[in-house]
Amino acid sequence: MGHIVNPDREHRLLQKQLDRKVQGAPDSPTLIKILTLLFSPEEANIARQMPQQPTSLESLSRGLNMPRKELDRRLTEMAHRGVVLDIEHKGERYFMLPPVVIGLFEFTFMRARPDMPMAELARLFEEYFTENDRFISTLFQGKTQLFRSFVREESILHDDHTEILDWERASHIVTSASAISVGLCQCHHALTHLGKSCDRPQEVCLSFNHGAKTLVRNGYAREISTAEAMRVLEKSKAAGLAQTGDNVQRKVSFICNCCGCCCHLMLGMKTFDLHHGVVTSNWIMDVDLEKCKGCGKCATACPVNAIEIAETLEGDKKRKWAVRDEKICLGCGVCYSACKFGGATMRPREKRVFTPETAFDQMVAMAIERGKLASLIFDDPQKLSHRALGRIIGVLEKSPPFKAAMAIKPLKSAFLSAVVNGARRKSGKLGEMLK
Ligand code: SF4
Ligand code: SF4
Ligand code: SF4
């Protein structure tokens, strides 16, 4: 690999590569400053050439024209710093450039880092997330999101219990995980460096299965037992934190415990009025007007300001009661726990919310909605397995025809024939569209 002559150029090209990801990374001088602190010019040069998919050391070494041993040393060091992801699969190591969120931001603030200018990074990330709505709007565009809200199981009436599915229960995710880790809540930790965080517990970010193993292996989180993970959940609930997690049904990889004052997701939704940024649970809060005393505890506890207190004069007496905004309520049930009078109740939503089955379906749906299918999947179309192709076609068929057509347009030269054949075999509307 040649000597870097223009270091700034490497960080600019790295930003472009990050922006090709489904989550996006709009250009900004603040982002370039963050990348400059996280990557040396040589590392930026490696990272910007990494395909969007996890790629083996062998193919990276060929693609980058770099001796395998030297590349292994550099990538391992970068993985320890959280600027590339390393994944072990069937005895082989794969590497990937993480997105800004969930990725570079989280890995930077998931643990204490004496080797990094943490306060400066915290300030820059906060500036990037809030300087305007470009980052948050890009992250939240489309219907499919990275996060979904989990309802507090204890808030569900006995009769409604049959309606809650296993993957909707935080307790089931914890008790069925093959490995669990806990790390620092990154949003909370970042704000601590700016002297702005609240005093709720910080070691509450739970990861599961493969994700947990990777975080533990790289020293980002510590492995914990099922019993300890249940205690983390209970402690978080008692502190008024809302459970949000991976927006998939199978192999949920994380559950966050978020507050409305530190969580960048909640803050982004409130600041920019983008309330679809976290997908709601299948429940919604209802006020029982018979029991509500208008004390306002639920409104204070709600992480997204979905509750206001209304008041009127009845004779010479003031009457107050809670009013919930349907468009904002996440269905988390934090208000249920805050109410001591039984006035905050949870009921199932009339229409069930769609949740992608797997992380792959989630990414494909997000890529279609954001016009990024080509850059997500097709670094090397020849390597796409039939199974993966089948799932892509499945998601495309469920997408609005216009979106699906736009998504496949840039793929025509590379692999359209494979999609056409697959879609025709399934004879869905996509097959018709592609004829
Ligand atoms: S999303 Fe919520 S829990 Fe996760 S890091 Fe941010 S504040 Fe913490
Ligand atoms: S619902 Fe409960 S917490 Fe909210 S105002 Fe009414 S009584 Fe208070
Ligand atoms: S009103 Fe607020 S606290 Fe209650 S369920 Fe909705 S989002 Fe959660």
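Order of listing sets the numbers, starting from 1, for every ligand and every atom in it. We're numbering straight along the sequence, starting at 1.
- Residue-ligand proximity, V304 to ligand 3, at heavy-atom distances under 4.0 Å covers atoms 7 (S).
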Apply side-chain contact (heavy atoms from CB on, under 4.5 Å) to E10 and R48, showing your working. CA-CA 8 Å; E10 297 306 324; R48 73 170 175 82; 2.8 Å; yes
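- The single protein non-hydrogen atom nearest to atom 2 (Fe) of ligand 3 is C302 SG, 2.3 Å, given as residue, atom name and distance.
- The contact set between ligand 2 and G294, taken as ligand atoms under 4.0 Å from a residue heavy atom, comprises 5 (S), 6 (Fe).
- Against a heavy-atom cut-off of under 4.0 Å, A344 is close to the following atoms of ligand 2: 1 (S).
- Checked by atom type, the side-chain pair Q243/S236 shows no donor-acceptor distance below 3.5 Å.
- Remark: E120 engages R123 in a salt bridge, criterion side-chain N to carboxylate O under 4.0 Å.
- Using a 4.0 Å cut-off between a side-chain N of Lys or Arg and a carboxylate O of Asp or Glu, D86 and R217 qualify as a salt bridge.
- Protein heavy atom at the shortest distance from atom 7 (S) of ligand 2 is K293 N, 3.2 Å.
- With 2.8 Å as the limit, C335 counts as an N, O or S neighbour of atom 4 (Fe) of ligand 3.
- Interface atoms of ligand 3 facing G333, defined by a heavy-atom separation under 4.0 Å, are 5 (S), 8 (Fe).
- Using a 3.5 Å distance cut-off with no hydrogens or angles, the side chains of Q362 and T144 do not pair a donor with an acceptor.
- Taking a cutoff of 4.0 Å between a charged side-chain nitrogen and a carboxylate oxygen, K213 and E223 do not qualify as a salt bridge.
- Listed by atom number, the atoms of ligand 2 under 4.0 Å from F341 heavy atoms are 7 (S).
- For ligand 3 and G331, the ligand atoms under 4.0 Å from any heavy atom of the residue are 5 (S), 6 (Fe).
- Listed by number with element, the atoms of ligand 2 under 4.0 Å from a non-hydrogen atom of C298 are 1 (S), 3 (S), 4 (Fe), 5 (S).
- In this structure, E168 does not pair ionically with R148, as no charged nitrogen and carboxylate oxygen lie closer than 4.0 Å.
- If you look at I328 next to ligand 3, there are no close heavy atoms at all, none under 4.0 Å.
- Under 4.0 Å is where a charged nitrogen must lie from a carboxylate oxygen, and between E308 and R324 no such pair does.
- Closest to atom 8 (Fe) of ligand 3 among all protein heavy atoms lies C332 SG, 2.3 Å.
- No part of I284 comes within 4.0 Å of ligand 3, judged by heavy-atom distances.
- For F208 and F254, the ring centers are positioned 6.0 Å apart or more.
- At least one N, O or S atom of C292 sits under 2.8 Å from atom 6 (Fe) of ligand 2.
- For atom 6 (Fe) of ligand 3, the nearest protein heavy atom (residue, atom name, distance) is C329 SG, 2.4 Å.
- Heavy-atom proximity to I307, at under 4.0 Å, picks out these atoms of ligand 3: 1 (S).
- Taking 4.0 Å as the cut-off between side-chain N and carboxylate O, E163 and R349 do not count as a salt-bridged pair.
- Using a 4.0 angstrom heavy-atom cutoff, G296 counts as in contact with ligand 2.
- For F129 and F105, the ring centers sit closer than 6.0 Å to each other.
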